[in-house]
Amino acid sequence: MTTTVDDALEHGGEFHFFQKQMFFLLSLLSVAFTPIYVGIVFLGFTPDHHCQSPGVAELSLRCGWSPAEELNYTVPGPGPGGEASARQCRRYEVDWNQSTLSCVDPLASLDTNRSRLPLGPCRDGWFYVQQNPNGISFPFSPNLEHICPAGTHLPCWQFNLVCANSWMLDLFQSSVNVGFFIGSMSIGYIADRFGRKLCLLTTILINAASGVLMAISPTYTWMLIFRLIQGLVSKASWLIGFILITEFVGRSYRRTVGIFYQAAFTVGLLMLAGVAYALPHWRWLQFTVTLPNFCFLLYYWCIPESPRWLISQNKNAEAMRIFKHIAKKNGKSLPASLQRLRLEEETGKKLNPSFLDLVRTPQIRKHTLILMYNWFTSSVLYQGLIMHMGLAGDNIYLEFFYSALVEFPAAFMVILTIDRIGRRYPWAASNIVAGAACLASGFIPGDLQWLRIIVSCLGRMGITMAYEIVCLVNAELYPTFIRNLGVHVCSSMCDIGGIITPFLVYRLTNIWLELPLMVFAVVGLVAGGLVLLLPETKGKALPETIEEAENMQRPRKNKEKMIYLQVQKLDIPLN
């Protein structure tokens, strides 16, 4: 007798002790993925800074200036419109070593109007002015390895990634998303070719090693290389964990387990805020969030290979051995008649999917374009809101913590609504709420910080729901033979969005601090409107063919009315 994998899980336990143990272990991968995905909010903090000018320190010491007086006498004021770039990236072309300079307004002897004094670029590095938790500002030199109070995370001060080099900070975050894109596109083939377990352990080892090497990188170039390598393997290991847990549980539990696996990522957000507060130096922070990955190598003895993959490789005996192990762990027993297993997708005619199948027919083409845009939107708004928080927040740790907390109710709202209300309306509403929150945040006065935090949390909740729903709906809109291809192609736009977002946030804030929020608002509102053009998939069987996928949005009323009329016609007595 031939039995499917889901039938075997019904006998051996769909979500009992073994599955709960696997869920806990694999969810730790989701927790550990957080610092790589959004750690830039702490690593990317750029303190206030100004040019270092030879002779200023000696003059300040001779005159007995306070730090505030030194800034007032020797650093240019804000540029036109109050922009900080002139103060942070330009310096007076003055020889501060000349003895004719007085201690009271030393520049007055050169020109009574400071604005006429020539300005030049920072040729001798920068001083970085930072506030400790007590609110006291102090300068520190980029050439010293200070372990500074809260906020001195990024190597921006050590590698001087400011002013003309500020784009290198954008590239730092974009590089990890380039790695995500390449890694996620290739991981499906690698995991299908060599197995889930071997692929998982290999990516964990490379991720841990590259994370440590990044923490001890002597130059920006090496740091960027190891950041890219981390991107190549970290999302891949996260995806393999997701695949494994959904393959270990029964059919009825897969959706809920998948959502809670993503919720484990939120636990990582909360932990990251605490670790970043306790370890402000970027190298120690990088070490601390990386070292736990070496513990995941112990999974070699804890997690078995996926039985589904073993069956696909015609290793039926080994798959049966694992199913017996699962049943034993769950206190169940497999029937003696269960000898040969097959995958559900073995039945039926096999077709070779191609990218053209995603755009060849009108409805599937529409689905593909809308899904790609929504994946892009989810990534841009999710990462963008976190990055913008790092630039605009008063207390980055508390605001990061509060905004992470709202992801838990977002996950529960997804679970409660998708099977009661449907997918389409909660999905559209979540995008619209996120966009509207971004729009409102840009116009809330600075003295209403409490209101700004509430609105920001609503936006974060909205985009979190949208992110989780697009993961679910993507697979439900494609026929079987192009389902995996459709998910991979559409979700790749998530990584494209991640590549663009750092440049979008950090460059636009130089023009206006709230300008990225305006862009996010437009992107989110458009995404919400486009979702309403998709068919509702609640209560519908997954389409098997292109014809079924093309007919998903056609109303059934006419067909039902036609059947009713035919029945009525048959009831008319014959004369």
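In what follows, every heavy atom counts, from backbone to side chain, and hydrogens, waters and symmetry copies are set aside. Keep in mind that what you see is a predicted model, and the values were worked out from it rather than measured.
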Is it true that a side-chain atom of [X] and a backbone atom of [Y] form a donor plus acceptor pair closer than 3.5 Å?
{"X": "R90", "Y": "L119", "value": "yes"}
{"X": "R424", "Y": "L532", "value": "yes"}
{"X": "Y220", "Y": "L169", "value": "no"}
{"X": "K235", "Y": "D495", "value": "no"}
{"X": "T34", "Y": "V31", "value": "yes"}

Ignoring hydrogens and angles, state whether a donor on the side chain of S175 or R227 is under 3.5 Å from an acceptor on the partner side chain.
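On atom types as modelled, these side chains do not qualify, holding no pair under 3.5 Å.
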E70 side chain to S60 side chain, donor-acceptor N/O pair below 3.5 angstrom:
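Per modelled atom types, E70 and S60 side chains form a pair under 3.5 Å.
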Within-4.5 Å side-chain heavy-atom neighbours: P106 and W65
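Side-chain contact under 4.5 Å: yes.
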What class does the angle between the rings of F265 and Y382 fall in, given that below 30° is parallel, 30 to 60° is tilted and above 60° is perpendicular?
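The arrangement is tilted - the two ring planes meet at 30° to 60°.
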Which of parallel (below 30°), tilted (30 to 60°) and perpendicular (above 60°) describes F287 and W284?
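Plane angle between 30° and 60°, so tilted.
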Residues in salt bridge (Lys or Arg N to Asp or Glu O under 4.0 Å) contact with D95, at least two apart in sequence or another chain
none
Which residues pass the salt bridge (Lys or Arg N to Asp or Glu O under 4.0 Å) test with R507, not counting sequence neighbours?
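Salt bridge (Lys or Arg N to Asp or Glu O under 4.0 Å) check on R507 returns D170.
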Please say whether more than 12 non-hydrogen atoms of neighbouring residues, nucleotides or ligands are located less than 6.0 Å from CE in M413.
no
With a 6.0 Å cut-off (strictly less than), is the heavy-atom count around CE of M271, excluding the residue itself, greater than 12?
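Atom CE in M271 is not packed in, count stays at 12 or less.
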Just to verify, what does F412 make a ring pair (Phe, Tyr, Trp, His ring centres under 6.0 Å) with, not counting sequence neighbours?
F260
Report the residues that fulfil ring pair (Phe, Tyr, Trp, His ring centres under 6.0 Å) with F180, sequence neighbours left out, ordered by chain and then residue number.
F33, Y37
For the cysteine pair C89/C163, does the gap between the two SG atoms stay under 2.5 Å?
yes
Contact list for residues 206-216, test side-chain hydrogen bond (donor to acceptor under 3.5 Å, both in side chains), sequence neighbours left out:
N207-Q230, N207-N293
Quick check, are the ring centers of F42 and Y397 under 6.0 angstrom apart?
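F42 vs Y397: aromatic centres under 6.0 Å.
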Residues forming a side chain to side chain donor-acceptor pair (under 3.5 Å) with S27, sequence neighbours excluded
none
